[in-house]
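Notes follow the structure.
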Amino acid sequence: MPAAPAFQSEFLKTFAARGAYYDCSAPQDLDALFAKERVTAYIGFDCTADSLHVGSLVQLMTLRRLQQAGHRPILLMGGGTTKAGDPSGKDETRLILTPEQIEANKQNILGGIRHLLKFGDGPSDAILVDNAEWLDKLEYIPFLRDVGRHFSVNRMLTMDSVKLRLDRDQPLSFLEFNYSIMQAYDFVELYKRYGCKLQSSGSDQWGNVVSGIDLGRRMQSAQLFGLTTPLITTSSGAKMGKTSAGAVWLNANRVSPYDYWQFWRNTEDGDVGRFLRLFTELPEAEIARLEKLQGAELNDAKKVLATEATAILHGREAADKAGDTARRAFEEGASADGLPTITATLPDGILNLAVAAGLAASNSEARKLIANNGLKLNDTSVSDPKLTVDASALNSDGVLKLSSGKKKHVLVKPA
RNA sequence: GGAGGGAUGCCCGAGUGGCUAAAGGGGACGGACUGUAAAUCCGUUGACUACGUCUACGGUGGUUCGAAUCCACCUCCCUCCA
């Protein structure tokens, strides 16, 4: 990772201090631009799913910080590119989504991040743009003449993304080859429409970003900029944001605020300081204090991280509630309300309940969980898979608690 | 258009007629140790009305007492040549 230059502008100074800086196309010029004017900047997101996940969080935080520094963030949704179907996933041909699905995805994504960014018409309000607006209308020959002529195949062949494939004798479709052209074109289009001069992205998109900058110079004689963030991995090397249940989604209907809080609470020791800088807005002095905590005390720092990160995504109230629920569930062993809750008709077999609660995918899995001594009913291990649970298991609040392992708890309410 | 190669469980990947619900690895889950961490060790990892039954090695048929393994056709993917 290149060392971050000493920036003068508020935004870049913060950006670098928070560990979000990886590389920049023209650091001095961009710094000057930030110091001089309100900058419009964009980051592109795929809209194949109805929610973004934690993997996009560094980018979203970049937009948030831009906004806080008084600049204008653009959230570019790849509605157009999604229609073509991104082939880069290698084997499985991705299903091509209908325009209706894409539209629904966009709205859901937007809803999921409403605490993170303020959208609107104000000078530094975020705007949502869909590249289908222009990509859909492209005509092949005019596009080739106006845009295609600026791309040298010779140079495209040297781009890492392409070169790697060719070196390994892996296939690269023409569509895929064109992806970077479309992405480059997005940048120019956003410059024309919104005066957008900066594209931010993960470091893996560097080639595409540079193509856009190049195209801007050729077509518009404009100086555009690229700013990338590092790829975030956990200190043990895993890609961040994957857990048992799959991706850690940002939308509350996919991953509840409580589970989201838990995700951050379970951060590895070595990542606490780094994540506090990247994913919260606590002052540096506070972070410096927290990351120095040793041993079990570091857990306090993780709780702060969890609450702060959850507050940014779901709001302060939801974050505090999640923290409180966790405290009661883990530290007092209570079946705190606020835990994920299901309703069921009692009496019912323990296997059915475990499956209904999402603690096991099938009866077989539930049996195995019991065989491994991992399923608990009201904090007591269940040993008999044929156990029938009736109303006598309910506690004074009229619920019972089922747990898989030490961390996953679900409340069951009688229907 | 021609010639080859391939498709195995969540993923990678062995397996070329019975010993195969399918080696090994990864991942995941549970247990132990801990601090709701990491590392390590142990166990589990197709389903079900569960010492049994059913379903499974791209699809459909066939050969055989018996097929992931052999044959035919089909689908998809890849490589090379033109």
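A note on names: the letters A, B, ... follow the listed sequences, proteins ahead of strands, and every chain is numbered from 1.
- Nucleotides rU8(B) and rG1(B) have their P atoms positioned 27 Å apart, rounded to a whole Å.
- Comparing L351(A) and A296(A) by the nucleotide of RNA chain B that holds the closest heavy atom to each, the one mapping nearer the 5' end is A296(A).
- Every residue two or more places apart in sequence or in another chain was checked for a ring-ring contact (aromatic ring centres under 6.0 Å, His included) with Y191(A), and none qualifies.
- For rG9(B) and rC80(B), the C1' atoms lie 32 Å apart once the distance is rounded to whole Å.
- Atom CZ of R328(A) is separated from atom P of rU36(B) by 18 Å (rounded to the nearest Å).
- Note on K408(A): a side-chain N or O is less than 4.0 Å away from OP1 or OP2 of rG30(B).
- Contact annotation for Q262(A): base contact, defined as any heavy-atom pair under 4.0 Å involving a base atom.
- Across the P atoms, rA7(B) and rG59(B) are found 13 Å apart, a figure rounded to whole Å.
- Atom-to-atom, CG of D271(A) to C1' of rU36(B) comes out at 16 Å; the value is rounded to the nearest Å.
- Syn is the classification of rC51(B), since its glycosidic angle stays within 90° of 0.
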Point to revise | Strand RNA chain B in bracket notation, Watson-Crick/G-U under 3.5 Å with | for pairs to another chain | key: ((((((((.[[[..)..(.....]]]((((((.......))))))(((...)))...[[[[[..)....]]]]]))))))).
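- Between the side chain of R18(A) and the backbone N or O of T280(A), at least one donor-acceptor pair lies under 3.5 Å.
- Using atom C1' as the reference point in both rU60(B) and rA47(B), the two lie 25 Å apart (nearest Å).
- For rU55(B) and rC65(B), the C1' atoms lie 22 Å apart once the distance is rounded to whole Å.
- Looking at residues two or more places apart in sequence or on another chain, you find a side chain to side chain donor-acceptor pair (under 3.5 Å) between R277(A) and E284(A), E291(A).
- Distance CG (D300(A)) to C1' (rU36(B)): 13 Å, rounded to an integer number of Å.
- Annotation: rG17(B) and rG30(B) have their C1' atoms spaced 39 Å apart (nearest Å).
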Review point. When every nucleotide of nucleotides 37-47 of chain B is labelled 5' to 3' by its protein contacts under 4.0 Å (heavy atoms), B for base, S for sugar-phosphate only, - for none, what sequence of letters results?
Key: BS----BSS-S
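- Listed by first and then second residue, the side-chain hydrogen bond (donor to acceptor under 3.5 Å, both in side chains) pairs involving residues 306-320 of chain A are W261(A)-T307(A), E308(A)-R316(A) (not counting sequence neighbours).
- Checked by atom type and distance alone, the side chain of N266(A) pairs as donor or acceptor with a backbone atom of Q262(A) at under 3.5 Å.
- In this structure, D271(A) pairs ionically with R274(A), as a charged nitrogen and a carboxylate oxygen lie closer than 4.0 Å.
- Note on ring orientation: taking the six-membered ring where Trp is involved, the planes of F143(A) and Y185(A) are perpendicular (angle over 60°, cut-offs 30° and 60°).
- Note: CG (D259(A)) to P (rU36(B)) measures 18 Å, nearest angstrom.
- Looking at heavy-atom distances under 4.0 Å, G405(A) makes contact with sugar-phosphate atoms alone, never a base.
- Between rG18(B) and rC78(B), the distance separating the two P atoms is 33 Å to the nearest Å.
- The six-membered or imidazole ring of Y260(A) lies away from that of W249(A), with a centre-to-centre distance of 6.0 Å or more.
- K321(A) NZ: 12 or fewer foreign heavy atoms inside a 6.0 Å radius.
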N/O donor to acceptor pairs below 3.5 angstrom from side-chain atoms of residues 250-259 of chain A, sequence neighbours left out:
unit_1  : atom_1 : unit_2  : atom_2 : d
N251(A) : OD1    : S51(A)  : OG     : 3.2
N251(A) : ND2    : D50(A)  : O      : 3.3
N251(A) : ND2    : N108(A) : O      : 3.0
R254(A) : NE     : D50(A)  : OD1    : 3.0
R254(A) : NH2    : D50(A)  : OD1    : 2.8
S256(A) : OG     : D259(A) : N      : 3.1
S256(A) : OG     : D259(A) : OD2    : 3.3

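- Checking A361(A) against L298(A), the closest nucleotide of RNA chain B that is more toward the 5' end is the one next to L298(A).
- With rU36(B), rG31(B), rA50(B) as the choices, the nucleotide that has an atom nearest any side-chain atom of F330(A) turns out to be rU36(B).
- Taking atom P on both nucleotides, rU79(B) is separated from rC42(B) by 42 Å, rounded to a whole Å.
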